[in-house]
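Here the structure comes first, spelled out in structure tokens, and everything after it is commentary.
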Amino acid sequence: MEFREVTPEDVPSLFRVRTRTRENRYTLEQLAALGITEKTVIEKLSSTFRGWLCQADDSVVGFCMADRGTGELWVIAVLPEFERKGIGNRLMERAEDWLWASGCNRAWLTTDMDTALRAYGFYRARGWLDWKVENGLRWMQLFPPGTDSSRIAGS
């Protein structure tokens, strides 16, 4: 397996992965309704966003994207047949490290309300903390290593 930064040429493959995830799956039509198209993702990659992917046998099997402008972990997606192989952790590590190196003092993401889903346990195991519940979503946050998150967990 190879891990590397996402390029604009990779974007169609990201959509192939994103529409085939086990949890929080979207169709192309649902993504488009949210304003997420190949064009908008390419535009994001030329702004404050960066992404990383994992390839196996020349096929993208997982990816992650973050926004240094806001500190948001925007998306992580791994094909079901490649889950539990450490791919998600390696992708998240790249995104989190990049956010810290970019000067972010807090990262955040939104996820499903259902704490029984694998995604929630995955984030918690990586140190993400519950932040708030709003508009039917669970918001989580993460602080740079060495930060006293207990002091600022309510921020």
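Because the structure is a prediction, the values reported are computed rather than measured.
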Using side-chain contact (heavy atoms from CB on, under 4.5 Å), reason through Met65 and Ile76 one step at a time and then give a plain yes or no. CA-CA 7 Å; Met65 289 180 68; Ile76 182 166; over 6 Å; no
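- Under the 4.5 Å side-chain criterion, counting only non-hydrogen atoms from C-beta, Trp100 is in contact with Pro145.
- For the atom pair CG of Leu34 and OG1 of Thr40, the computed distance is 10.0 Å after rounding to the nearest 0.5 Å.
- Taking CZ of Arg50 as the start and CG of Asp67 as the end, the distance is 12.0 Å to the nearest 0.5 Å.
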Please assess Leu73 against Trp128 for the test side-chain contact (heavy atoms from CB on, under 4.5 Å), listing each intermediate value before the final yes or no. CA-CA 11 Å; Leu73 190 298; Trp128 288 78; 4.0 Å; yes
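- Contact annotation: the side chain of Asp112 never approaches that of Arg138 to less than 4.5 Å [non-hydrogen atoms, C-beta and beyond].
- Taking the six-membered ring where the residue is Trp, Phe49 and Trp74 present perpendicular rings, their angle passing 60° and hence far from 30°.
- Between Trp139 and the options Thr110, Val133, Leu109, a side-chain contact (heavy atoms from CB on, under 4.5 Å) holds for only Thr110.
- Contact check on Glu23 versus Arg118 returns no salt bridge, with no Lys/Arg side-chain nitrogen under 4.0 Å from an Asp/Glu carboxylate oxygen.
- The OG1 atom of Thr37 sits 8.5 Å away from atom CD1 of Ile42, with the distance rounded to the nearest 0.5 Å.
- Pro80 approaches Arg22 most closely through the heavy-atom pair CB-NH2, 3.3 Å.
- Residues Cys54 and Ile87 approach most closely at CB-CG2, 3.8 Å, considering heavy atoms.
- One N or O on the side chain of Arg16 and one on the backbone of Val60 form a donor-acceptor pair closer than 3.5 Å.
- Nearest heavy atom pair, residue Leu99 against residue Ala107, reads CD1-CB, 3.8 Å.
- Here the CG-CG distance, from Asp10 to Leu45, works out to 9.0 Å after rounding to the nearest 0.5 Å.
- By the side chain to side chain donor-acceptor pair (under 3.5 Å) test, Tyr120 is found to be paired with Asp130, residues two or more places apart in sequence or in another chain being considered.
- For the residue pair Ala77 and Thr21, the shortest heavy atom distance occurs at CB-CG2, 3.5 Å.
- Not a single donor-acceptor pair under 3.5 Å links the side chain of Asp97 to the backbone N or O of Arg94.
- Tracing side-chain contacts under 4.5 Å through hydrophobic residues (I, L, V, M, F, W, Y), one reaches Val6 starting from Val41; they form part of the same cluster.
- The nearest pair of heavy atoms linking Thr19 to Thr27 is CG2-C, 4.1 Å.
- A 6.0 Å sphere centred on CZ of Phe3 holds more than 12 heavy atoms belonging to other residues, nucleotides or ligands.
- Leu137 and Val75 are assigned to two separate hydrophobic clusters, defined by single-linkage of ILVMFWY side chains at heavy-atom distances under 4.5 Å.
- Cluster partners of Leu117: none. The rule joins Ile, Leu, Val, Met, Phe, Trp and Tyr whenever side-chain heavy atoms lie under 4.5 Å apart, and it links nothing here.
- Taking CZ of Phe82 as the reference point, atom OG of Ser59 lies at 7.5 Å (rounded to 0.5 Å).
- Residue Leu28 comes nearest to Phe15 through the heavy atom pair CD2-CD2, 3.6 Å, listed as atom of the first residue, atom of the second, then distance.
- Residues passing the salt bridge (charged side-chain N to carboxylate O under 4.0 Å, His left out) test with Arg68, sequence neighbours excluded: none.
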Determine, stepwise, if the pair Met140 / Trp131 fulfils side-chain contact (heavy atoms from CB on, under 4.5 Å). CA-CA 5 Å; Met140 299 181 79; Trp131 172 21; 5.6 Å; no
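- Panel note: side chain Arg126, backbone Phe122; no donor-acceptor pair is recorded below 3.5 Å.
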Evaluate the side-chain contact (heavy atoms from CB on, under 4.5 Å) criterion for residues Gln141 and Lys132: first the C-alpha distance (whole Å), next the side-chain angles of each, then the deciding distance (0.1 Å), finally the verdict. CA-CA 9 Å; Gln141 59 188 347; Lys132 63 183 177 179; over 6 Å; no
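- In this structure, CE on Met113 lies 11.0 Å from CG on Asn135, to the nearest 0.5 angstrom.
- In this structure the side chain of Tyr123 reaches within 4.5 angstrom of the side chain of Met92, judged on heavy atoms.
- The 12-atom threshold is exceeded at CG of Asp114, counting heavy atoms of other residues, nucleotides or ligands nearer than 6.0 Å.
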